[in-house]
Amino acid sequence: MNGGAVWWVFFYALSAFTLFNALLVVTGKNLFKCALHLMLVFLGVAGLFLLQGAFLLAGVQTLIYTGGVTTLILFAIMLSEEVVGRQRQLVSRGVSIGISAAICFLGIALTIFGTAVAQLPENYGVHIAPVAQFVAEASHLPMGNVRAVGVALLTQFLVPFEFASVLLVVAVIGAIVIARLAGGK
Amino acid sequence: MDELTVLLGYFASEMVLAIGGIAILVINFTSPNVKGRYLGYLAACTVGVSAFIMPWQGWFVFEAQLVRSTLRPFFSFCLSPDMYATYFKFAIAIGMLITILASLDYVEARLNGVSAELYALLCFATLSMSFMVSAVELITLFLAIELTSIASYALASLDTSNPRSVEAGIKYFLTGAAATAVSLYGMSLIYAFSGTTNLREILNMQTEVGAQFPHLILVSLIMVMASLGFKGALVPFHAWAPDTYEGAPTPVTTFLAAASKVAAVGLIARFMIYGFSESLELWRPVISTISALTMTVGNLFAIPQRNIKRMLAYSSIAHAGYMLIGLAAVSQAEIDFMMGKGLLERTDVAMTGFLLYALGYAFATGGAFTVVLAVSHLLGTEEIPEYDGLSQRMPHLAWALTIFFLSLIGIPPFVGFFTKAFVFAGAIYSGLGWLSIVGVLNSVVSGYYYLNVVRHMFLLPPKAQSVERTAPSTDAALLIALLGTVVVGLLPNPFLQWIRDALNGVILMLR
Amino acid sequence: MHYLVLSALLFSIGIYGVLTRRNAIAILMGIELMLNAVNLNFVAVCASLTPNQITGQIFAAFVIVVAAAEACIGFALIIAIYRNFAKVNVDDINIMRW
């Protein structure tokens, strides 16, 4: 995956961009600006997907997150403002608990990565999953490829794929029922 | 048997549920004049038919093993509708059937505008819960948990004109979404050390790679437990439960307590045993701690409650704790039996108790909430002091509630006695004597607040003299719950045989 | 490995956001950060450990789908909350004891 120096330059630039914007999302004072920074985080993550060769996923991320979820958030902010455009001041409470929980998690995660994940043999997952073998053979193309994702979705992951459609139906019904005007049908 | 038959058999009960849910929505859309009540009957029929199909489905899938099929490997990679799953699906469907029958009156009176959506969402929730207990693959499992959650969020806040219902919804949603994110991180760690999402392959990888990194497995399991524990309202993740149970419309509370929790514990047991039995000694302390905490916190907080929904919320938290004793006390012989090797000894009763507990709990809690729903509909109250003298006003409700409570305490001859006896005995045989002591003490404590309600109903004078009649649908729900509570208690043998088949059937779905 | 550290950092920023924010919308933004961190994990693990499979990317795709569905429900709930309470601060939404 590592394509030399250029790859690393891109990786560090995108990481710094993503983390910087993520920090602004959780510390910013203006909810509207936070949402815009969140959009930049989504874009940064999409870039990081590209670096790993996950092209389809980068596209999906851009469309759904940057396009869809951000718009939803902006709508929610505007619909829950008393006066549109008034700056909503955000307060953060329990900062010490938040910081300690975050550091705690980070410590555990890094310890695990240092001791366990780093020692896992490279490509050790190659020999497993006979079903996945079929998918790999059927696609005959390097990973990250749209065709490989398509083949996997319609064979190995057919059940979750179909199931996701039920999930979307339920989410739409649920959202409509909750957001309707109470009293009016 | 041809390929199509096999596939239909795989998804028979789920297809019934999906068709039923969509039919309710379509009927409501095309002919808005159809009464909500009839949609409720349709939903009850759907769930009832699927409950009737489920036990046969397990046998069918067993037979279909022998049929060659090109598509089946892809299904059995993700789903295993084996007899373990069908047992839990049956318990869930029974819980849902009681829920729907009991809530017809309540919904007609208070939620008439959204009855179609309510019944449709209940059908879809049943569908997703049956996927929850049959999923053997992380993506399917995750989607099933999420679909159940999303349906529950929407159901909990269905009464949008009532601030309490909306508050219940947002609390449930925020905790749930955070728990999902944490458990997804855990799943990504599992994927990192195993390279696969199929539970069976994860189990194989543990013997190869995972054994070197016990803390990696432990941390990922604990993180995944965030979401599973959230669905089952186990103690570190239970904060949402009392408020949501109290604030949500009572039919939804019934669904959350009687069905959703059963699905969650069924899922936890399958996840731990099917995917992580190689790491048994790692998670046994975690599960037994959670179990002890859940029982104790649930019972202690239930004592001072005056709202009966809130009291039953805490009591149902406690019951999830008792059930987990069975999982914490699972013995190696039982795991081998579930993996298709060896036989059960006389002492291997922990998992039997676990499964029987799930069924008995669904009957008794569903029944208790049926009474709560009926009283709430007829008298318009959910406060325990208002239950004074219920035995004179509506004697059958009072007697039924007493039986359900006696079963929940664990008094013979009701089913609750056998279930508790099994899990406590299992704990003792597995060397977890302290856990069964905690359990027995908790049962004694729980007797206090259950019998307090009984005291209100039988010993205190009624505040009003009016005598109300319950609807036939409520009586039907009560009858189902009573039959389950009493018959399974008096004649447990056929059920024990079924449970034995269910345990042995976990493994049937090998490729 | 670098990806895993990056995602752990992003995830802990998300945890911080969820724990310290009082506005329901801001809490949801923190949760979205956490979900993005998880997706980075899946994609990185998929690429480095199981290069001939695509499972991690599929998982990430499903996470995106579910996150969108969840956000849809969440913001509908927030609108309902706003209609009932005229504010979206979780501290103020407290008729029942928390």
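As the structure is a computational prediction, the values presented were derived from the model and not from experiment. Below, chains carry the letters A, B, ... as their sequence lines are ordered, and counting in each starts from 1. Keep in mind that the numbers below use all heavy atoms, side chains included, and drop hydrogens, waters and symmetry copies.
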Inset, instruction - For chain B, find which of C/Val38, C/Leu35, C/Val65 contributes the most heavy-atom pairs closer than 4.5 angstrom. - result: C/Val38
Inset, instruction - In sequence, state the C-alpha distance, the side-chain angles, and the governing distance for B/Ile139 and C/Ile58, and then conclude on side chain to side chain contact (heavy atoms under 4.5 Å, CB included). - result: CA-CA 9 Å; B/Ile139 298 179; C/Ile58 303 277; 4.1 Å; yes
Legend entry - chain B contact via C/Val63 - which portion, at a heavy-atom distance below 4.5 Å: both
Legend entry - B/Leu184 side chain near C/Met34 side chain, heavy-atom distance below 4.5 Å: no
Inset, instruction - For C/Ala80 and B/Thr160, work out which heavy atoms get closest and say how close. - result: CB-CG2, 4.3 Å
Inset, instruction - Determine the minimum heavy-atom distance between B/Phe173 and C/Leu77, stating which atoms define it. - result: CB-CD1, 3.5 Å
Legend entry - B/Leu138, part contacting chain C, at a heavy-atom distance under 4.5 Å: both
Legend entry - Residue pair C/Glu70 / B/Thr180, side-chain heavy-atom distance below 4.5 Å: yes
Inset, instruction - Determine the option with the most heavy-atom pairs under 4.5 angstrom with chain C, choosing from B/Ala177, B/Gly176, B/Ser157, B/Gly169. - result: B/Ala177
Legend entry - Interface moiety of C/Phe42 toward chain B, non-hydrogen atoms closer than 4.5 Å: both
Legend entry - Among C/Asn39, C/Ile31, C/Leu28, C/Ile15, residue most engaged with chain B (heavy-atom pairs, under 4.5 Å): C/Ile31
Legend entry - chain B contact via C/Ala60 - side chain, backbone, both or neither, heavy atoms under 4.5 Å: neither
Legend entry - Donor-acceptor under 3.5 Å (B/Tyr191 side chain, C/Gly56 main chain): yes
Legend entry - Those residues that, when tested against B/Ser115, pass side chain to side chain contact (heavy atoms under 4.5 Å, CB included) (two or more places apart): B/Val107, B/Asn112, B/Tyr119
Legend entry - C/Phe62 CZ to B/Glu146 CD distance, which is reported to the nearest 0.5 Å: 13.0 Å
Inset, instruction - Please confirm whether the backbone N or O of B/Tyr185 pairs with a side-chain atom of C/Asn41, one donor and one acceptor, at under 3.5 Å? - result: no
Inset, instruction - Work out which heavy atom in B/Val182 is nearest to a heavy atom in C/Phe11; give both atom names and the distance. - result: CA-CZ, 3.9 Å
Inset, instruction - Return yes when atom OH of C/Tyr3 has more than 12 non-hydrogen atoms of other residues, nucleotides or ligands closer than 6.0 Å, and no otherwise. - result: yes
Legend entry - Engaged part of C/Ala44 at the chain B interface, taking heavy atoms whose separation is under 4.5 Å: neither
Inset, instruction - Quick one: closest heavy-atom pair of B/Ile150 and C/Ala69, and the distance? - result: CD1-CB, 3.9 Å
Inset, instruction - Please report the closest heavy-atom contact between B/Ser161 and C/Asn84, naming both atoms and the distance. - result: O-OD1, 3.7 Å
Legend entry - Note, C/Ile78 side chain near B/Ile170 side chain (heavy atom, < 4.5 Å): yes
